[in-house]
Asker: 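Starting off with a structure, shown below.
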Amino acid sequence: MNQIQPQNRTPVFTMVICCAFYFILGFITWANGSLIPFAKKAFDLDSDLQAFLVTFASYIAYFFLAIPSSWILKKIGFHNGLVLSVVVLGVGSLIFIPAAEKSSYVLFLTAIFVQGSGMALLQTAVNPYLSIIGPIDSAAQRIAIAGFCNKAAGMIAPIVLGSLLLKGANAAEARLVQATTEVEKQTILNELLDQLHAPYIALAIMLAVFAIGLKFVSLPEVNTEEEDVNEKASNSSKTIFSYPHLFLGSLAIFFCVAVEVMAGDIIGTYARELGAVPQVFRDNATAFTLGFMLVGYLIGIITIPRFISQQAALRVCTSVGILFTVLSVFTSGVISFWFVALLGLANSLLWPAIFPLGIKGLGRFTKTGSAIMIMGIAGGAVWPLLYGFMKDKLHIDFQHAFLYAMIPAYLYIVYFASAGHKVKSRG
């Protein structure tokens, strides 16, 4: 297997495939925004803390699967790894069916974890393609296009699932209030869970078709062994622990994804607590956050690095995030809702700025370093549970709990943008 040489132009078909992968990632990732309120009603959960296990099951998979994914790709290659990741996503989609049949929240969370595992493998496999399928000087443009597809899918997912699942969930909630027997109540819940069948069977079928087609198309393979040998000879005395800025960067990714998920997936719960927010806003809350994030992403494409550096953009975004968080807490109703949604604008450029700073200068450790950075995605698993614990167990007002969760995360990102990424290598 020969190392792929950069092309003089970007192959259109291969670029379309990459965009399709990013669309899949965005759709499945942000579908959680609709699954949280649905799960609470369909499984008759006692608290939001229990419902937030939806995001935990999805994002914690990155922590456990990021480094193993790099080993899998080394064994079977990037092309086969992409196919395998789509198959795993399809399997995860099918597990929703027995979860609904058995009314099992544990099986429901298992389905989400399996999907998260597929996404971890897909994330690790697809990113190198955007660097090798065309000239290096247009790589940023390819990443921007793929990122646009990712965020667009993120907007579509809660709208699609919201219309399919939450409409029925709202109607079922009203019927549950009037139910007089346990049998009647369970019948209503079973009918609600049956609504999972159609969307997830359809998703599994589409993923299966995509995986089969992908297996038989020609995509460039990636071989980095030659690069590793050359760099190892010139950098033999260092280990991955010689680069403290990598681990500081992974923690920054942890908090970056934490605030993204708080603004994108928790906003529906936040809107319900506010009360005076129209039902259509609550059902499609994640789409509003993702819409603002898409706007911020486009602003970044235009301004970085032509008008502003990545580090400066990171400092601006975190400052705006702190401002909008404070304003959301000290306002009420629809105004507070809009400030939470606007956090999508503040969060949009965090990942693009943090990730390259975290892996800068790693040389032959870049692949392992990238996996360590991806492990930081687990922030999306932990932070909603922290918020739910403060709100439901410590009985802190939901807005103040939001403030206490968000501000420390933003402050750490400010530190990384200002000083953390400059921590020098040892050895």
Side-chain angles (χ1 to χ4, degrees), residues 29-41 45-60 109 112 116 154-155 157-159 161-162 165-166 169 254-275 277 279 281-293 321-322 324-329 331-348 350 377-410:
T29 297
W30 292 103
N32 290 341
S34 296
L35 289 180
I36 291 172
F38 176 83
K40 185 176 182 183
K41 295 173 183 177
L45 303 178
D46 295 329
S47 67
D48 290 330
L49 178 60
Q50 290 175 298
F52 293 159
L53 288 173
V54 168
T55 55
F56 180 84
S58 178
Y59 289 103
I60 200 64
L109 295 176
I112 295 173
M155 285 184 63
I159 295 175
L161 285 182
L165 300 179
L166 291 183
F254 179 95
F255 287 120
C256 162
V257 179
V259 295
E260 282 188 13
V261 171
M262 287 293 295
D265 284 342
I266 306 304
I267 185 173
T269 300
Y270 189 95
R272 187 199 70 224
E273 296 279 3
L274 284 169
V277 176
Q279 188 66 49
F281 282 16
R282 282 184 267 173
D283 289 350
N284 300 290
T286 299
F288 289 105
T289 302
L290 268 292
F292 285 118
M293 185 173 278
I322 291 171
F324 286 164
T325 298
V326 172
L327 290 174
S328 74
V329 171
T331 54
S332 59
V334 177
I335 301 300
S336 179
F337 171 85
W338 281 118
F339 277 123
V340 175
L342 278 166
L343 286 172
L345 184 66
N347 296 338
S348 59
L350 300 185
I377 293 176
V382 176
W383 234 235
L385 293 185
L386 175 65
Y387 171 69
F389 180 79
M390 287 191 290
K391 184 172 73 71
D392 294 338
K393 300 300 182 181
L394 300 182
H395 304 293
I396 297 174
D397 173 75
F398 75 97
Q399 287 183 293
H400 286 91
F402 190 80
L403 180 73
Y404 302 152
M406 297 292 277
I407 298 301
Y410 279 126

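Residues take their numbers from the sequence shown, with the count starting at 1.
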Asker: Enumerate donor-acceptor pairs with a distance under 3.5 Å from any side-chain N or O in residues 379-388 to protein atoms, sequence neighbours excluded.
Answerer:
| unit_1 | atom_1 | unit_2 | atom_2 | d |
| --- | --- | --- | --- | --- |
| W383 | NE1 | A405 | O | 2.6 |
| Y387 | OH | F398 | O | 3.2 |

Asker: Could you walk me through whether V259 and L343 pass the side chain to side chain contact (heavy atoms under 4.5 Å, CB included) check?
Answerer: CA-CA 8 Å; V259 295; L343 286 172; over 6 Å; no

Asker: Taking G264's backbone N and O only, do any of them form a donor-acceptor pair with T286's side chain (distance below 3.5 Å, no angle check)?
Answerer: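 Checking the backbone N and O of G264 against the side chain of T286, a donor-acceptor pair under 3.5 Å is found.
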
Asker: Quick one: side chain to side chain donor-acceptor pair (under 3.5 Å) partners of N347, sequence neighbours excluded?
Answerer: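 For N347, the residues satisfying side chain to side chain donor-acceptor pair (under 3.5 Å) (neighbours in sequence not counted) are Y410.
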
Asker: Residues two or more places apart in sequence or in another chain: which of them pass ring-ring contact (aromatic ring centres under 6.0 Å, His included) with F288?
Answerer: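 F288 satisfies ring-ring contact (aromatic ring centres under 6.0 Å, His included) with F281, F337, W338 once adjacent residues are dropped.
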
Asker: Mind checking side chain to side chain contact (heavy atoms under 4.5 Å, CB included) for S47 and listing every partner two or more places apart, or none if nothing turns up?
Answerer: L49, Q50, D392

Asker: How would you list all residue pairs meeting side-chain hydrogen bond (donor to acceptor under 3.5 Å, both in side chains) that involve residues 397-406, not counting sequence neighbours?
Answerer: Y270-Q399, S336-Q399, D397-H400

Asker: Do any N or O atoms from the side chain of S58 and from the backbone of T55 form a donor-acceptor pair under 3.5 angstrom?
Answerer: no

Asker: State which residues pass side chain to side chain contact (heavy atoms under 4.5 Å, CB included) with T289; sequence neighbours excluded, sorted by chain then number.
Answerer: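 Side chain to side chain contact (heavy atoms under 4.5 Å, CB included) check on T289 returns A263, I267, A341.
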
Asker: Among all residues two or more places apart in sequence or in another chain, which pass the salt bridge (charged side-chain N to carboxylate O under 4.0 Å, His left out) test with D48?
Answerer: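 So D48 forms a salt bridge (charged side-chain N to carboxylate O under 4.0 Å, His left out) with K40, R272, K391.
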
Asker: Roughly how far, to the nearest 0.5 Å, is CD1 of I266 from CD of E260?
Answerer: 13.0 Å

Asker: About how many Å separate OG1 of T269 and CG of L274, when rounded to the nearest 0.5 Å?
Answerer: 11.0 Å

Asker: If you measure from CZ on F255 to CE on M262, what distance do you get to the nearest 0.5 Å?
Answerer: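 One finds 12.5 Å between CZ of F255 and CE of M262.
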
Asker: When rounded to the nearest 0.5 angstrom, what is the spacing between CG in L345 and CZ in F324?
Answerer: 6.0 Å

Asker: So, taking the atom named CD1 in I377 and the one named OH in Y59, what distance separates them when rounded to the nearest 0.5 Å?
Answerer: 8.5 Å

Asker: Taking atom CG of L109 and atom CG of L35, what is their separation to the nearest 0.5 Å?
Answerer: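 Reported value, rounded in 0.5 Å steps: 10.5 Å.
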
